[in-house]
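The structure under discussion appears below in the form of structure tokens.
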Amino acid sequence: MSPSFAPPQTVPLSRLLPGEPLLLMGAGPVPLPPVVAQANTIVINHIGPTMEAVVEAVKRMAAYAFQTDSRRIIGLAGPASAAMEMAVSNLCWAGRRVLCLKSGTFSGRLGEMAEGVGADVTWLESEVGRPVSLAQVRTAFEAGRFDVVTMAHGETSCGVKLVDLPDVCRLAKAHGALTIVDAVVTLTATALPMDEWGIDVCLTGGQKALSSIPGVSLCAFSDDAWRAVERRPGVRPHWCYDAVRAQRFWGEHHYHYTAPVPGVLALHEALRLVVEETLERRFRRHELSSRALQAGVTAMGLSLFASPDVRLNSVLAIIVPDGVDSARLRGFMSETFRVDISGAFGLNIVRVGQMGEQCRSHHLFRTLHALGRSFVHEGVKLDVPAGMAALEEIVASDPGIFAP
Ligand SMILES: *Cc1c(COP(=O)(O)O)cnc(C)c1O
């Protein structure tokens with residue numbers, strides 16, 4: 001019997017991909033170090049002594065990245081949003097009171113997920129371009145009781161950092177609430193000591209600050225958080241993202257579902273690079289890279305969106321001058337210079353990522369030049385050489401820090 005559907009036309013991947021890959025300088029995914037890309041091509045058995053050794057090493061290195069003693073660091077197949085889902089759905093359920101600190105798309109997503117599992121969500125929103133403040137959180141705790149507080153350390157949609165995060169976590173703890181922190185763009189890019197700051201669940205994805213592939217993410221649970229996970233009443237809403245089931249694989253090496261083996265191997269290499277660089281040097285590289293780019297962008301004549309006191313060092317939001325079409329600008333930049341940056345969700349900004357491999361000096365020079373020339377092409381009067389000189393001045397202050 002012949003099948004009723006005719007075979008469709010095929011196109012080799014090489015014809016779909018650009019001849020020269022774009023340099024990924026947007027808000028993620030980010031370029032992969034060669035050892036990470038290489039690891040991502042390997043498949044081994046997901047059960048057995050070799051995989052056990054890999055998983056144990058991933059947990060040990062991730063504990064350093066999170067700065068935690070926790071024995072419950074769980075990897076999962078899925079984007080960073082899946083790690084958010086694991087954190088939220090294991091700690092929130094009908095009747096739980098959740099305080100969601102919202103300053104943009106990603107911090108808001110945590111609250112949407114809490115509503116999705118039936119929790120009673122109170123929204124605490126910031127002004128546009130600002131994070132939620134400690135004073136707002138204090139007022140919320142004076143008015144009500146909460147079981148869980150959710151927040152993003154870095155709000156990627158507008159390049160804003162929750163600068164009061166340590167105090168917010170301390171306040172939540174004093175009121176007996178658990179904290180969920182999205183560290184997707186901040187873990188290993190800036191200080192985020194999970195245990196010292198008393199964070200209960202800290203999560204990240206692969207393709208942002210860690211410079212690994214998208215699709216394998218991490219979620220670390222404190223002892224307090226784990227007690228709540230184990231006591232969760234009712235039927236668990238997710239099977240794959242059930243932390244208790246997932247811990248069977250990540251804690252005891254028993255089958256849960258087939259782990260995304262190449263992605264776990266890639267994550268191993270990404271974390272190894274973090275450990276070998278050391279957090280101190282990696283923070284400094286991110287800080288200097290961001291400062292250099294900020295100096296270059298402003299010296300050219302463009303303006304930054306977030307004010308300096310709350311500016312994230314891993315995603316830089318740049319104001320698009322009136323009359324410039326952001327999509328056309330980015331299209332020209334990709335086509336002419338093979339450099340890819342991000343637009344935004346509703347705001348008139350473009351965003352340049354400063355995460356992991358993006359923070360190398362050769363990428364900074366190429367990106368700033370491409371950005372400047374593209375704005376000039378769109379009719380904006382800019383002093384591109386002044387911007388390049390300002391970038392060079394800061395990069396030259398510590399060129400060794402940028403070396404791969
Ligand atoms: C990108 C991002 C996410 C979501 O990541 P996905 O991998 O697309 O699910 C969540 N939080 C923050 C802060 C992000 O930047």
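Each ligand, and each atom within it, is numbered from 1 in the order the structure gives.
- When hydrogens are left out, the protein atom nearest atom 11 (N) of ligand 1 is D182 OD2, 2.5 Å; that is the closest non-hydrogen contact.
- Protein heavy atom closest to atom 8 (O) of ligand 1, with residue, atom name and distance, is Q207 NE2, 4.0 Å.
- Residue contacts with ligand 1 for E155 are absent, since no atom lies close enough (heavy atoms, distance under 4.0 Å).
- Between T156 and ligand 1, at least one pair of N/O atoms sits closer than 3.5 Å.
- Ligand 1 has at least one atom lying under 4.0 Å from a heavy atom of M84.
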request  = Test K173 against D200 for salt bridge (charged side-chain N to carboxylate O under 4.0 Å, His left out), laying out the working first.
outcome  = CA-CA 9 Å; K173 191 115 287 192; D200 289 298; 2.9 Å; yes
message = Would D164 and R170 count as a salt bridge (charged side-chain N to carboxylate O under 4.0 Å, His left out) here? Give the steps.
response = CA-CA 10 Å; D164 288 342; R170 205 169 299 126; over 6 Å; no
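- Those atoms of ligand 1 with a heavy atom of V185 less than 4.0 angstrom away are 15 (O).
- Ion pair R227/E230 not flagged as a salt bridge, since none of the NZ, NE, NH1 or NH2 atoms sits closer than 4.0 Å to an Asp/Glu carboxylate oxygen.
- Residue-level proximity to ligand 1 for S81 is carried by backbone and side chain together, each with a heavy atom below 4.0 angstrom.
- Residue-ligand proximity: G154 is placed with a non-hydrogen atom under 4.0 Å from ligand 1.
- Of all protein heavy atoms, the one lying nearest to atom 2 (C) of ligand 1 is K208 NZ, 2.5 Å.
- With respect to R272 and E269, a salt bridge is recorded, a charged nitrogen being found less than 4.0 Å from a carboxylate O.
- The aromatic ring centres of H46 and Y255 sit less than 6.0 Å apart.
- Atoms of ligand 1 found under 4.0 Å from any heavy atom of P79, numbered from 1 in the order shown, are 6 (P), 7 (O), 9 (O).
- Ring centroid separation for the pair F337 and H369 comes in under the 6.0 Å cut-off.
- Screening V121, V132, I180 against C100 for a side-chain contact (heavy atoms from CB on, under 4.5 Å) leaves a single residue, V121.
- Considering backbone and side-chain atoms alike, A80 places an N or O below 3.5 Å from some N or O of ligand 1.
- Heavy-atom minimum distance, A65 versus L271: CB-CD2, 4.2 Å.
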